[in-house]
Amino acid sequence: MARPALLRSRPVVAGLVILVLGCCVPLVGSGYVLGLLTVAFYTAVFAMAWDLLFGFAGEVNFGPTFLIGLGAYTAGILDARLAPNVSLWLCILAGAAAAVIGGVVLALPALRVRGPYFGLTTLVAVLMLQNMVVVFAGLTGGEIGLSVPDVMSVSATANYWIAFGFMVLSAAILYGLSRSPIGLVLQASGQDPVQAGALGFNVTKHKLFAFIVSAFFSGLAGALMVFYMGTASVGTFVDISVGVQIIVAAVLGGRRTVIGAAIGAVFLIAMGEALRPLGELATLIVSLLALLVVLFFPDGILGMLQGRSRRD
Amino acid sequence: MLLWQILIDGFAISALYALGATGFTLIFGVSGVLNLSHGAIMVAAAVAAWALAGLLGAGPWTAALGGIAIGVALATLTYFVTVRPIQRSPRVAEAEKEIFILTATLLWGIIISETIAYFFTNNAKTVLPIVEGVVNWAGVRTPSNEYFTAAVCWIAIGLLWVLVNRTRHGKALLAASMNPRGVTLLGIELSRIHLAVWLIYGVLASVAGILLGMFLGVSSYSVGPLTASAFSIVVLGGLGSVSGSLIAAYVVGYLETATAYLVSPAYRTIPALLLLVVVMYLRPQGLFGRR
């Protein structure tokens, strides 16, 4: 896996470019553009958290929305019940904690199995959560959605900066983690768990750690997004199609890069918006495009930028 | 009364589930592929039959045959567009192929269902039943089509069993699911077997889809739940085990029907999901699966 130092830092370069671009947007963009990008940035965190699990730990999690939904609904329900007495930020932290706990409960049995079984378990978790939201409609608002009394800010610019700052921070932590010794062990366990185990690394422990980190960021981002939108609904946080979008974003941007996942998410949201005039065809075109990328550029957008020299 | 109703309805629904899941598990057993466009192919076949009957005025048998043709064509296309290129791609690492195929078939399924929604709208479509009328049996009035559905499903499953266990080509399929390398050493082209499995799968999924269209009606909204239910049945029974899938289909079918009748139709899928969770915790390889 020896790669020239310059190429290895290419995601960092891409990240810096995004950083500069992101700082310039509030100067020129309208409230509409800022609002769109705010959602895109939260989606970017979802995708990056997913990439840590898939790209590095080698576990395909079909239920990113289980973790996101847990975070979002926990934060939302707490806020709706205890609104004036409890600070909004406490609710957000509780959301992240709930996602971590849910993640551990899900991961402990799921990590005993490999490959498709892990994916299946996570998929079932999403279906369960979706059903639970509908069953406990009194608490969760059911299919109509849960509206929360607090919002983070009414200013589009402030919301933009919160989302942007959160994304940059998460990207830095997740990217740093992926390049750290822990990230390398994770990558080794993902590619060959038997050999990684033979080298004396506790594969399950590392994967569980990756799952917890992934759950933390997913839950946190989900909780933050609730207080940006002012409402939590199955359609925006839990539905399988949301999870599909996150997975597509990560694969589209380039798996195993963390930064690529963020690029993919922003690209996907922007594409969806740009194609909106086409109505129902928009989803079709985005899926077709994603399929073409998966088939012909398996290394994703960032992989294309890096060229073929990436093959080792 | 209610008991008989549950028994009869549950039997028909379970037979449908069994047929749908059989094809799904067959592909996994032979080529190790989980086809996430399963629901989309079922719905496409049903919508094709509906369109042939409704828009072109074809008879129910012709429409059903047309639907099967479309379904088989789509299944073949799925194999050539999404599965084979990834299986042969030198740029995707062997360990990641599974995930790439899952993603690709998922996207392919979305493409199919969005195309259907674009041309035929999201409205639910009911395929004209082949058998009409109502049967009064054990004090329960049941549409004859329900009995027809169960019969067709079991005949199809029976034919599959004969094909796999009693014919030369079928035995090659079975052998490929046990030991692909051994089959190639015997001079049998593995890619041909894969294509054959996808063709068989296409027939099974389309028949199940069309029968479902006659029974309950389909729309592009049913794509996700259909894939998910085939998925859960196959997991419950054990990936790759056909007999396991059949039993699991009946467990899930009866659980759902009983919940719908005795508790509330809104909670229909929950007990089956709970059972699935319990099985995943205690016996992740499924009831009859191999690791």
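Every chain is numbered from 1 and lettered A, B, ... according to where its sequence line falls, protein lines coming before strand lines. None of the values given here were measured: they were computed from a predicted structure.
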Review point. Roughly how far, to the nearest 0.5 Å, is CG of A/Leu127 from OG of B/Ser232?
Key: 7.0 Å
Practice item. Would you check if A/Phe62 and B/Leu102 make a side-chain contact, meaning some heavy-atom pair closer than 4.5 Å? Key: yes
**Study point:** Atom CZ of B/Phe80: over 12 foreign heavy atoms under 6.0 Å
**Key:** yes
Check your understanding: Once you round to the nearest 0.5 Å, how far does CG of A/Leu252 lie from OG1 of B/Thr103?
Key -> 11.5 Å
Check your understanding: What's the spacing between A/Leu288 CG and B/Ile110 CD1 if we round to 0.5 Å?
Key -> 11.5 Å
Practice item. State, yes or no, whether a side-chain contact exists between B/Leu276 and A/Met128 at a heavy-atom distance under 4.5 Å. Key: no
Exercise for review: Check each atom of B/Leu36 against the heavy atoms of chain A and say whether the ones under 4.5 Å are side chain, backbone, both or neither.
Suggested key: side chain
Check your understanding: Side chain, backbone, both or neither: which part of B/Ser113 has a heavy atom under 4.5 Å from chain A?
Key -> neither
Practice item. Starting at OH of B/Tyr118, measure out to CG of A/Leu284 and round the result to the nearest 0.5 Å. Key: 9.5 Å
Exercise for review: Report the option among A/Val134, A/Ile247, A/Val135 that has the most heavy-atom pairs separated by less than 4.5 Å from atoms of chain B.
Suggested key: A/Val135
Review point. Of the options B/Ile111, B/Thr115, B/Ile112, B/Leu106, which is the one that meets A/Ser287 in a side chain to side chain contact (heavy atoms under 4.5 Å, CB included)?
Key: B/Ile111
Exercise for review: Write down the atom of B/Ala104, the atom of A/Val294, and the distance for their closest heavy-atom approach.
Suggested key: CB-CG1, 4.4 Å
